[in-house]
Amino acid sequence: MTVIYQRGYTMEDESVLIKIRKDKLREIREELKINPFPYKYDVTDYSAGIIENFEEYSSSGKIASAAGRIMALRVMGKASFCTIQDAEGRIQLYVAEKSIGEAGYRLFNKLDIGDIIGVKGAVRRTKTGEITIFIADLVLLSKNIRPLPIVKEKDGEVFDAFADKELRYRNRHVDLIVTPGVKETFIKRIAIIRHIKKILDDKNFCEVETPVLQPVYGGAAASPFTSHHNALDLRLYLRISLEPYLKRLIVGGMERVYEIGKCFRNEGIDRTHNPEFTMLELYQAYADFTDMMSLTEEIITGTAAALNGSAKIAYEGKEIDLAPPWRRLKVVDALAEYAGLRVAEMSDRDLEAGLDKLGSEIRGGFNRGLAINDLFKLLVEDKLVQPIFITHYPAETTPLCKPDYDDERFLQRFELFINGTEIANAYSESNDPILQRKTLYEQSLRRDVDKEAPPMDENFVQAIEAGMPPTGGLGIGIDRLVMLLTGATSIRDVLLFPTMRPQE
RNA sequence: GAGACGCUAGCUCAGUCGGUAGAGCAACUGCCUUUUAAGCAGUGGGUCCCGAGUUCAAUUCUCGGGCGUCUCACCA
């Protein structure tokens with residue numbers, strides 16, 4: 001049996017809600033002779049500005065010209081209210097037939113939540129005190145035919161939130177419209193990046209762009225995405241880090257370079273990992289890793305202060321104080337302090353047994369340096385809540401870093417931890433070409449046992465052979481920094497379009 | 001990769017100890033010249049994720065599958 005729904009429609013194929021809106025669209029075109037999709041509108045006033053400068057508007061009788069999306073409608077006989085949302089926020093409109101005319105009110109009666117309109121009118125308070133545009137002119141700028149979730153809010157309490165996270169990520173355009181705070185998070189993200197760029201630009205760093213598509217990838221240990229160039233019949237990889245090309249620029253004499261860009265790693269997805277993510281990497285000639293520490297403090301503290309007006313941030317109920325200087329602690333000392341392990345005095349067998357007890361083993365066979373690194377990751381990392389530079393990682397953890405002055409088993413490297421998460425990673429960069437060729441070659445041999453070890457990059461080694469000045473390098477995970485500074489607990493909340501499995 | 005939980009109206013959610021389902025908002029109709037989470041009144045709206053099994057009968061129970069969320073593991 002066919003069920004007759006509203007306006008004679010049945011509940012088949014397309015949603016009845018959409019059909020009804022398409023009808024209204026047709027009626028607006030054919031009966032009202034109005035183009036529902038005009039080309040432009042002269043917007044001179046915005047919601048927040050109107051509310052802020054209310055006295056000026058009301059005393060002068062200045063006519064506001066605003067545009068926005070209808071978020072609430074309270075339609076009554078000949079005088080109605082609606083609320084529109086624009087780039088700055090929301091403002092109420094008073095829509096009276098006697099002000100906008102019969103034709104205008106006929107149009108208004110065909111409007112839905114989600115439509116975009118332009119309005120002109122004086123700004124006054126209503127009887128109940130709400131600042132409102134009393135509109136004298138109404139223009140439809142775009143007709144909505146796919147209804148939005150109706151989210152309501154009063155005194156910070158949200159009713160009928162658009163709560164299904166999957167739907168929110170898949171339909172970020174809807175999420176941005178209806179979920180309070182989402183747009184603000186992304187505006188903060190933009191502000192953070194802008195601030196970091198300003199700090200670096202002021203220090204005469206050059207922002208550069210390096211290849212995303214690379215014949216050989218490197219600079220980290222990760223599985224790459226693979227692509228193919230048809231005309232060259234060439235396998236290309238999406239970069240897993242920015243490092244190899246930025247260092248070529250240091251060799252080339254660009255003494256301070258940075259790039260903020262996407263890197264891609266073909267790995268799992270979780271709360272802190274997305275297959276594509278944004279990294280800042282910078283390289284400064286004639287600097288070492290201690291210079292990178294100061295710069296890291298300056299970038300992160302300065303950005304937090306610019307964003308929140310304070311060096312203290314609240315994250316997951318914890319208070320984190322970003323005021324520098326931050327503590328510096330060697331990996332082996334951190335293991336002693338936080339896990340009671342004196343690794344320097346432990347035999348290889350003891351280390352292996354310790355790892356085994358934690359259910360961990362080294363890919364490609366036991367290796368003392370990697371064992372110490374793993375013990376640190378498993379036992380210490382998540383205890384590092386306040387900002388701390390962990391320094392002097394074992395030499396086996398990376399081929400791209402200079403060994404320390406008096407103990408070659410450890411590197412001039414640090415990672416910054418805040419709230420148990422790695423936020424930054426920095427080195428005194430390796431520039432001894434003999435050593436660099438050796439360590440990269442050895443790393444490439446590990447590919448047999450460790451799929452994530454990158455292949456040998458001959459062109460990169462030749463660049464180092466041309467002579468690279470002593471250089472400090474720093475990488476900061478922008479997504480995680482944004483999470484920290486915005487209080488987001490999932491990387492998906494700071495990515496406009498997180499990677500999702502396609503539907504159907 | 002493991003575990004927990006979830007999938008019911010456009011949205012947020014109830015519910016059925018097995019008898020094909022409800023609320024609020026949205027929608028539709030009527031009334032209405034100052035409302036505000038929602039003006040007032042009324043009306044409609046469902047492949048209860050998919051498949052198999054048990055049963056007279058499955059949205060509900062069992063098994064399998066899909067998708068998702070969270071936690072843990074992995075991840076230089």
Side-chain angles (χ1 to χ4, degrees), chain A residues 3-12 15-21 23-24 71-83 90 92-99 105 112-114 124-130 132 134 146-170 174 178-179 219-223 240-241 243 265-273 275 358-360 363 369-370 373-374 376-378 393-394 396-401 411 413 415 422 425 427 443 450-454 475 489-490 492 500-504:
Chain A
V3 179
I4 302 298
Y5 189 47
Q6 292 155 180
R7 287 192 166 197
Y9 286 124
T10 64
M11 213 50 187
E12 285 160 16
S15 160
V16 172
L17 297 176
I18 291 178
K19 285 190 169 173
I20 290 168
R21 294 202 177 189
D23 277 351
K24 287 187 183 177
M71 300 305 292
L73 272 172
R74 294 179 287 282
V75 179
M76 288 166 286
K78 290 184 174 172
S80 303
F81 291 88
C82 80
T83 302
R90 295 185 178 193
Q92 177 171 268
L93 310 178
Y94 178 70
V95 187
E97 189 185 63
K98 74 172 182 202
S99 300
Y105 210 72
D112 292 299
I113 289 170
R124 296 204 295 272
R125 282 187 194 275
T126 60
K127 210 159 66 179
T128 53
E130 180 158 349
T132 300
F134 284 66
R146 185 172 291 277
L148 301 171
I150 309 296
V151 178
K152 295 177 176 175
E153 196 180 0
K154 189 188 189 185
D155 302 331
E157 189 180 356
V158 178
F159 299 84
D160 297 332
F162 183 43
D164 186 316
K165 289 192 174 181
E166 184 195 358
L167 286 178
R168 288 180 49 205
Y169 299 141
R170 285 189 192 283
V174 173
V178 307
T179 305
S223 304
I240 59 172
S241 85
E243 178 158 0
R265 296 186 185 178
N266 206 337
E267 294 166 354
I269 296 177
D270 68 20
R271 209 167 61 80
T272 55
H273 295 81
L358 295 165
S360 178
R363 264 191 310 234
L370 293 181
N373 188 50
D374 279 12
F376 168 76
K377 292 175 84 69
L378 292 168
Y393 283 76
E396 294 90 336
T397 58
T398 173
L400 296 165
C401 182
L411 300 167
R413 171 187 181 187
E415 289 189 320
E422 178 196 339
N425 181 21
Y427 311 150
Q443 177 181 253
D450 180 357
K451 282 185 306 224
E452 296 196 341
T489 53
S490 168
R492 291 176 154 190
M500 304 284 289
R501 188 191 299 272
Q503 274 173 313
E504 313 300 89

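Heavy atoms only: backbone and side chains are in, while hydrogens, waters and symmetry mates are out. Letters A, B, ... mirror the listed sequences (proteins, then strands); counts begin at 1.
- Here A:Ala161 lies in heavy-atom contact (under 4.0 Å) with sugar-phosphate atoms only.
- Nucleotides B:rU12 and B:rU8, compared at atom P, are 9 Å apart to the nearest Å.
- A:Ile269 comes within contact range of no nucleotide atom at all, as no heavy-atom separation falls under 4.0 Å.
- With C1' as the reference atom, B:rC61 and B:rG24 are 31 Å apart, rounded to whole Å.
- The base of B:rA76 sits with one of its N or O atoms less than 3.5 Å from a complementary donor or acceptor on the side chain of A:Gln443.
- Within the 4.0 angstrom heavy-atom criterion, no nucleotide atom of any strand lies near A:Arg265.
- The same atom, C1', is picked in B:rG3 and in B:rG45; the two are 39 Å apart, to the nearest Å.
- Atom pair A:Asp374:CG and B:rC75:P shows a separation of 7 Å (rounding to whole Å applied).
- Taken from NZ in A:Lys152 to CZ in A:Phe159, the straight-line distance is 10.0 Å, to the nearest 0.5 Å.
- Distance check on atom P: B:rG65 versus B:rC74 gives 26 Å, rounded to whole Å.
- Spacing between B:rA41 and B:rC7 at atom P, rounded to whole Å, works out to 32 Å.
- Base contact: A:Ala220 has a heavy atom under 4.0 Å from a base atom.
- Between the side chain of A:Gln92 and the base of B:rU35, a donor-acceptor pair under 3.5 Å is found.
- When rounded to the nearest whole Å, the span between CZ of A:Arg74 and P of B:rU35 equals 10 Å.
- What separates CG of A:Leu17 from C1' of B:rG46 is a distance of 13 Å, to the nearest Å.
- One atom, CG of A:Asp164, and another, P of B:rC67, lie 16 Å apart when rounded to the nearest Å.
- Nucleotides B:rG30 and B:rC11, compared at atom P, are 27 Å apart to the nearest Å.
- Here B:rC40 sits opposite B:rG30 as a Watson-Crick or G-U wobble pair (both hydrogen-bonding atom distances under 3.5 Å).
- Residue A:Arg492 places at least one side-chain N or O closer than 4.0 Å to OP1 or OP2 of B:rU69.
- In this model, a side-chain donor or acceptor of A:Asp270 finds a partner on the base of B:rC74 within 3.5 Å.
- Using a 4.5 Å cut-off on side-chain heavy atoms (C-beta onward), A:Gln443 and A:Thr398 make no contact.
- Residue contacts for A:Val158: at a heavy-atom cut-off of 4.0 Å it reaches no nucleic acid atom on any strand shown.
- Picking from B:rG68, B:rC11, B:rA37 the nucleotide with the shortest atom distance to the side chain of A:Phe159 gives B:rA37.
- Picking from B:rU33, B:rU35, B:rA26 the nucleotide with the shortest atom distance to the side chain of A:Phe81 gives B:rU35.
- Side-chain contact annotation: A:Thr397 with A:Arg413, donor-acceptor N/O pair under 3.5 Å present.
- Counting non-hydrogen atoms under 4.0 angstrom, A:Phe134 reaches a base of the nucleic acid.
- In this structure, A:Arg168 atom CZ and B:rG68 atom C1' are separated by 14 Å, rounded to whole Å.
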side-chain hydrogen bond (donor to acceptor under 3.5 Å, both in side chains) between A:Ser99 and A:Tyr94, intermediate numbers included:
CA-CA 10 Å; A:Ser99 300; A:Tyr94 178 70; over 6 Å; no
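- Separating the C1' atom of B:rA58 from that of B:rU47 is a span of 14 Å, rounded to the nearest Å.
- Taking atom P on both nucleotides, B:rG66 is separated from B:rC17 by 30 Å, rounded to a whole Å.
- A:Lys165 comes within contact range of the sugar-phosphate backbone alone, with a heavy-atom separation under 4.0 Å but no base atom that close.
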